[in-house]
S.K.: 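To start, I am sharing the structure in question, which I have written as structure tokens.
Not measured: the values here are computed from a predicted model.
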Amino acid sequence: MQSPTYLAEGLRLPTNGLDYAILGIYFAVVLGIGFAARRSVRTSLDFFLSGRSLPAWVTGLAFVAANLGATEILGMAATGAQYGVAVVHWYWIGAIPAMVFLGLVMMPFYYGSKVRSVPEFLLQRFDKSAHLLSSVLFAFAAVLIAGVNLYALSIVVEALLGWPQWVAIVVAGFFVLAYITVGGLSSAIYNEVLQFFVILAALIPISVIGLKKVGGWDGLTDSLTKSHGDNFLSAWGGTGIGDANPLGANWLTIVLGLGFVLSFGYWTTNFAEVQRALSAKNLSAARRTPLIAAFPKMFIVFLVMIPGLVAAVLVPKIGQGAGGSGLQYNDAIPYLMQELLPNGVLGIAVTGLLAAFMAGMAANISSFNTVFTTDIWQRYLVKDREDGYYLRFGRLITAIGVLASIGTAFIASSFSNIMTYLQTLFSFFNVPMFVVFIIGMFWKRASMKSGVWGLVAGTTAAMVNYFWIYKQGVIPIPSDQGANFVSAIVGFVAGAVVMVVVTLFTAPKPQAELVGLVYGTLPEAPATGSGAEGPPVPGPEESPAAGDDAWYRKPALLGWSAIVIAALCYVPYSF
């Protein structure tokens with residue numbers, strides 16, 4: 001671990017009454033949505049999965065907004081200031097393909113099996129040991145990641161508005177706790193839709209005014225080419241195997257470590273995201289949820305990359321420590337807010353930052369309360385109680401989760417780069433779960449016991465690589481980010497090998513129990529989309545209404561369109 005990072009002391013925003021009024025109105029609306037959503041919460045399914053009743057456009061925007069947290073706003077802008085155009089890899093390679101895969105391939109299994117959480121799918125495919133271990137690992141990771149958003153929010157508010165850090169943590173935690181406890185997942189999702197537009201309203205002015213300040217795109221690129229070289233404006237420049245580059249990764253580790261293992265591990269098994277799709281009203285809407293989210297996701301990169309590049313021009317020595325400007329890479333967005341935005345717009349920008357952190361925290365807390373209540377408490381500790389009991393317990397564990405995330409915020413403060421910290425957590429927890437899912441879904445022979453041992457092996461191998469091989473210098477790896485990519489690959493390979501070996505010596509699950517859980521076993525009966533409890537009845541996508549051939553209702557066309565557009569976006573940055 002490294003020394004904690006704080007925003008520069010000189011960053012104080014010239015806020016006035018208008019800015020605080022905008023902030024106050026936003027918080028009032030957030031609470032109002034929470035209380036309005038309360039009327040629809042009658043059962044535990046309503047609380048944890050919105051009764052599986054939401055339309056695709058709502059769940060799609062919530063899906064992308066849930067990811068617009070600390071890493072997206074501060075972390076990705078900081079990455080743009082430090083590494084340049086290479087930040088696009090986290091979007092066009094590290095997100096879009098996995099989101100398309102989730103929508104086209106995995107959602108029929110998730111939604112069709114009527115599971116209430118991602119770990120519950122492992123219970124059906126493997127056994128209780130795999131289910132319990134994955135539930136505990138996910139609940140632990142969710143609280144850690146929620147703490148990241150709380151910590152990031154607190155340092156921003158402390159530096160920009162002058163609030164004490166503990167006040168910012170308590171205030172933000174209170175509002176997230178209030179609207180999730182009252183309105184459940186519906187409240188979180190509808191607030192995430194609102195937060196999505198507020199975040200855009202904050203980032204667009206920063207990008208536009210910032211570009212104007214440095215002479216437009218031509219002025220920006222000319223300045224950066226002179227100060228940082230050609231590779232700073234190239235996505236692939238300097239990434240040949242054996243070449244040195246600031247990112248500390250070559251094209252192979254970018255494609256395999258980030259583009260496949262970390263990306264697919266996060267987007268396809270992270271319940272904080274998948275939960276939004278599971279709340280959709282039917283299978284068609286569930287499949288379209290991540291595909292709809294992919295379109296804004298591929299363009300949001302410009303709204304976080306451009307401010308980072310502008311900051312690199314306006315502050316040539318940003319991130320150079322005591323001998324530099326005094327500003328760190330994490331200061332890129334706050335610095336531009338201070339220098340460029342007038343009052344009123346400044347209030348929207350501050351509100352957008354707070355909305356981003358609250359969206360990220362709310363996504364992890366709402367997924368934490370679902371997994372802890374349904375997969376741990378109801379399944380193993382307190383069984384067979386009335387539904388109202390689990391609804392009340394879900395609200396109680398939400399409060400406990402918020403309090404726990406306040407504690408984990410201090411763990412996040414011990415890392416100098418919050419994005420690196422998050423990528424480290426993903427390599428430890430999401431990657432091993434992904435390898436178990438992908439092998440379990442596509443290999444019928446994978447035995448019941450292979451799931452739990454794959455999780456153990458993958459998690460252990462990733463941790464050993466990071467804490468021993470990398471941190472102790474056994475094998476030199478240029479950077480934390482490069483180490484995370486390697487840890488992800490190591491964890492994936494170790495988990496896969498152990499699953500294969502264990503499968504060879506243990507009994508497979510009976511074929512009759514694999515229907516709807518393994519690729520090629522989906523029955524012909526259509527899914528109803530009902531939230532009612534019952535045996536798994538997966539099926540193909542429902543047919544749209546007669547004569548309705550709108551392109552956005554066809555998941556395959558929607559998904560491949562996103563892939564093609566993302567690939568085309570790479571062209572200007574490939575050389």
S.K.: Quick check against the 3.5 Å criterion: does Arg288 have a side-chain atom that pairs as donor or acceptor with the backbone of Pro555?
M.R.: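 It does not hold such a pair.
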S.K.: When rounded to the nearest 0.5 angstrom, what distance separates CG in Leu220 from CD1 in Ile306?
M.R.: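 Leu220 atom CG to Ile306 atom CD1 measures 7.5 Å (nearest 0.5 Å).
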S.K.: Hey, are the side chains of Met305 and Tyr91 touching, using non-hydrogen atoms and a 4.5 Å cut-off?
M.R.: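 Met305 vs Tyr91: side chains apart.
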S.K.: Report the relative orientation of the aromatic rings in Tyr519 and Phe109; use parallel for angles under 30°, tilted for 30 to 60°, perpendicular for over 60°.
M.R.: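 Judged by the thresholds at 30° and 60°, the geometry between Tyr519 and Phe109 is tilted.
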S.K.: Hey, does the side chain of Tyr110 reach the backbone of Thr268 with a donor-acceptor pair shorter than 3.5 angstrom?
M.R.: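 Yes; judged by distance alone, with no hydrogens or angles, the pair exists.
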S.K.: When you measure from the side chain of Asn231 to the backbone of Ser234, do you find a donor-acceptor pair of N or O atoms at a distance under 3.5 Å?
M.R.: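 No.
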S.K.: Is there any ring pair (Phe, Tyr, Trp, His ring centres under 6.0 Å) pair reaching into residues 204-234, and which pairs are they, with sequence neighbours excluded?
M.R.: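 Residue pairs with at least one partner in residues 204-234: His228-Phe232.
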S.K.: Under the ring pair (Phe, Tyr, Trp, His ring centres under 6.0 Å) rule, collect the residues that match up with Tyr26, sequence neighbours excluded.
M.R.: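 Per chain and number, Tyr26 pairs via ring pair (Phe, Tyr, Trp, His ring centres under 6.0 Å) with no residue.
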S.K.: So Ser366 and Arg276, do their side chains get closer than 4.5 Å, heavy atoms only?
M.R.: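 Of all side-chain heavy-atom pairs linking Ser366 with Arg276, at least one is under 4.5 Å.
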S.K.: For the pair Phe299 and Phe302, name the ring-plane relationship: parallel under 30°, tilted 30 to 60°, perpendicular over 60°.
M.R.: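 The arrangement is parallel - the two ring planes meet at less than 30°.
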S.K.: Run the side chain to side chain contact (heavy atoms under 4.5 Å, CB included) check on Val214 and Ser223 step by step: do they pass?
M.R.: CA-CA 9 Å; Val214 296; Ser223 298; 5.9 Å; no
S.K.: What is the distance from atom NZ of Lys212 to atom CG of Leu340, rounded to the nearest 0.5 Å?
M.R.: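 If we round to the nearest 0.5 Å, Lys212:NZ and Leu340:CG are 11.0 Å apart.
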S.K.: Under the criterion side chain to side chain contact (heavy atoms under 4.5 Å, CB included), I'd like the reasoning laid out for Val371 against Arg116: C-alpha separation, chi angles, the key distance, then a yes or no.
M.R.: CA-CA 8 Å; Val371 168; Arg116 292 167 294 178; over 6 Å; no
S.K.: Show every side chain to side chain donor-acceptor pair (under 3.5 Å) that has at least one partner inside residues 427-438, sequence neighbours left out.
M.R.: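 Non-adjacent pairs meeting side chain to side chain donor-acceptor pair (under 3.5 Å): zero.
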S.K.: Please report the interatomic distance CD1(Ile348) to CG(Leu353), rounded to the nearest 0.5 Å.
M.R.: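 That separation rounds to 12.5 Å.
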S.K.: Side-chain contact, heavy-atom cut-off 4.5 Å: Leu102 with Arg287?
M.R.: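 Not in contact.
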S.K.: Could you tell me whether a side-chain N or O of Gln195 sits under 3.5 Å from a main-chain N or O of Ala66, the two making a donor and an acceptor?
M.R.: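 A pair under 3.5 Å: no.
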S.K.: Would you say that Val118 contacts Met433 through its side chain, given a criterion of any heavy-atom pair below 4.5 Å between the two side chains?
M.R.: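 SC-SC contact between Val118 and Met433 confirmed.
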S.K.: Using only atom types and a distance under 3.5 Å, with no angle test, would you say the side chain of Trp92 pairs donor to acceptor with the backbone of Met298?
M.R.: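 Yes, Trp92 side chain to Met298 backbone: donor-acceptor pair under 3.5 Å.
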S.K.: Return the CG to OG1 distance between Leu278 and Thr289, rounded to the nearest 0.5 Å.
M.R.: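 Between atom CG of Leu278 and atom OG1 of Thr289 there are 9.0 Å.
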S.K.: Taking the side chain as everything from C-beta on, heavy atoms only, tell me whether Pro334 gets closer than 4.5 Å to Leu74.
M.R.: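 Yes, their side chains come closer than 4.5 Å.
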S.K.: Please step through side chain to side chain contact (heavy atoms under 4.5 Å, CB included) for the pair Leu517 and Phe121, ending with a clear verdict.
M.R.: CA-CA 8 Å; Leu517 302 175; Phe121 183 87; 3.7 Å; yes
S.K.: Of all heavy-atom pairs between Ile96 and Ala294, which one has the smallest distance, and what is that distance?
M.R.: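 In this case the closest contact between Ile96 and Ala294 is CD1-O, 3.4 Å.
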S.K.: Could you tell me whether a side-chain N or O of Thr225 sits under 3.5 Å from a main-chain N or O of Asp222, the two making a donor and an acceptor?
M.R.: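 Pair absent, no side-chain N/O of Thr225 close to backbone of Asp222.
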S.K.: Hey, are the side chains of Leu341 and Pro205 touching, using non-hydrogen atoms and a 4.5 Å cut-off?
M.R.: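 Leu341 reaches Pro205 side chain to side chain.
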S.K.: Only one of Tyr83, Trp236, Tyr570 clears side chain to side chain donor-acceptor pair (under 3.5 Å) with His89; which?
M.R.: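 Checked Tyr83, Trp236, Tyr570 against His89; only one passes side chain to side chain donor-acceptor pair (under 3.5 Å): Tyr570.
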S.K.: Grab the two heavy atoms, one from Ile189 and one from Val58, that are nearest each other, plus how far apart they are.
M.R.: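 Ile189 and Val58 have their closest heavy atoms at CG2-CG1, 3.6 Å.
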S.K.: Can you list the residues that meet the salt bridge (Lys or Arg N to Asp or Glu O under 4.0 Å) rule with Glu273, with sequence neighbours excluded?
M.R.: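 Testing Glu273 for salt bridge (Lys or Arg N to Asp or Glu O under 4.0 Å), a comparison that skips the adjacent residues, returns none.
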S.K.: In Å, rounded to the nearest 0.5 Å, how long is the span from CG of Asp331 to OH of Tyr329?
M.R.: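 That separation rounds to 11.5 Å.
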S.K.: Name all pairs fulfilling the ring pair (Phe, Tyr, Trp, His ring centres under 6.0 Å) condition that reach into residues 253-286, sequence neighbours left out, sorted by first residue then second.
M.R.: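 The answer is Phe63-Trp267, Phe101-Phe264, Phe260-Phe264, Phe260-Phe434, Phe260-Phe492, Phe264-Phe434, Tyr266-Phe426.
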S.K.: Are the side chain of Arg52 and the backbone N or O of Ala280 linked by a donor-acceptor pair below 3.5 Å?
M.R.: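 Not a single qualifying donor-acceptor pair exists.
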S.K.: Mark yes or no for whether Arg445, through its side chain, and Thr503, through its backbone, hold a donor-acceptor pair below 3.5 Å.
M.R.: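 Yes, because the side chain of Arg445 sits within donor-acceptor range (under 3.5 Å) of the backbone of Thr503.
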S.K.: Applying side chain to side chain donor-acceptor pair (under 3.5 Å), which residue pairs with at least one partner in residues 296-311 are found, sequence neighbours left out?
M.R.: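 Passing the test, one end in residues 296-311: Asn67-Lys297, Glu72-Lys297.
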S.K.: Does any non-hydrogen side-chain atom of Ile93 lie less than 4.5 Å from one of Ser263?
M.R.: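 In short, these two side chains do not touch, never coming nearer than 4.5 Å.
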S.K.: Nearest 0.5 Å, please: how far is CG in Leu303 from CG in Leu68?
M.R.: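 It is 9.5 Å, given to the nearest 0.5 Å.
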S.K.: Is there a side-chain contact between Trp57 and Leu61 in this structure, where contact means two heavy atoms from C-beta onward sitting under 4.5 Å apart?
M.R.: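 They are in contact (side-chain heavy atoms under 4.5 Å apart), so the answer is yes.
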S.K.: Could you go through the side chain to side chain contact (heavy atoms under 4.5 Å, CB included) check for Tyr470 and Val486 one step at a time?
M.R.: CA-CA 9 Å; Tyr470 168 58; Val486 174; over 6 Å; no
S.K.: Check Ile204, Ile73, Val64 against Ile199 for a side-chain contact (heavy atoms from CB on, under 4.5 Å) and give me the one that passes.
M.R.: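 Single pass found, and it is Ile73.
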S.K.: Examine distances only and state if a side-chain atom of Thr59 and a backbone atom of Ala56 form a donor-acceptor pair shorter than 3.5 Å.
M.R.: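 A pair under 3.5 Å: yes.
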S.K.: Under 6.0 Å from the CH2 atom of Trp251, do we count more than 12 heavy atoms belonging to anything else shown?
M.R.: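 Not more than 12 within 6.0 Å, no.
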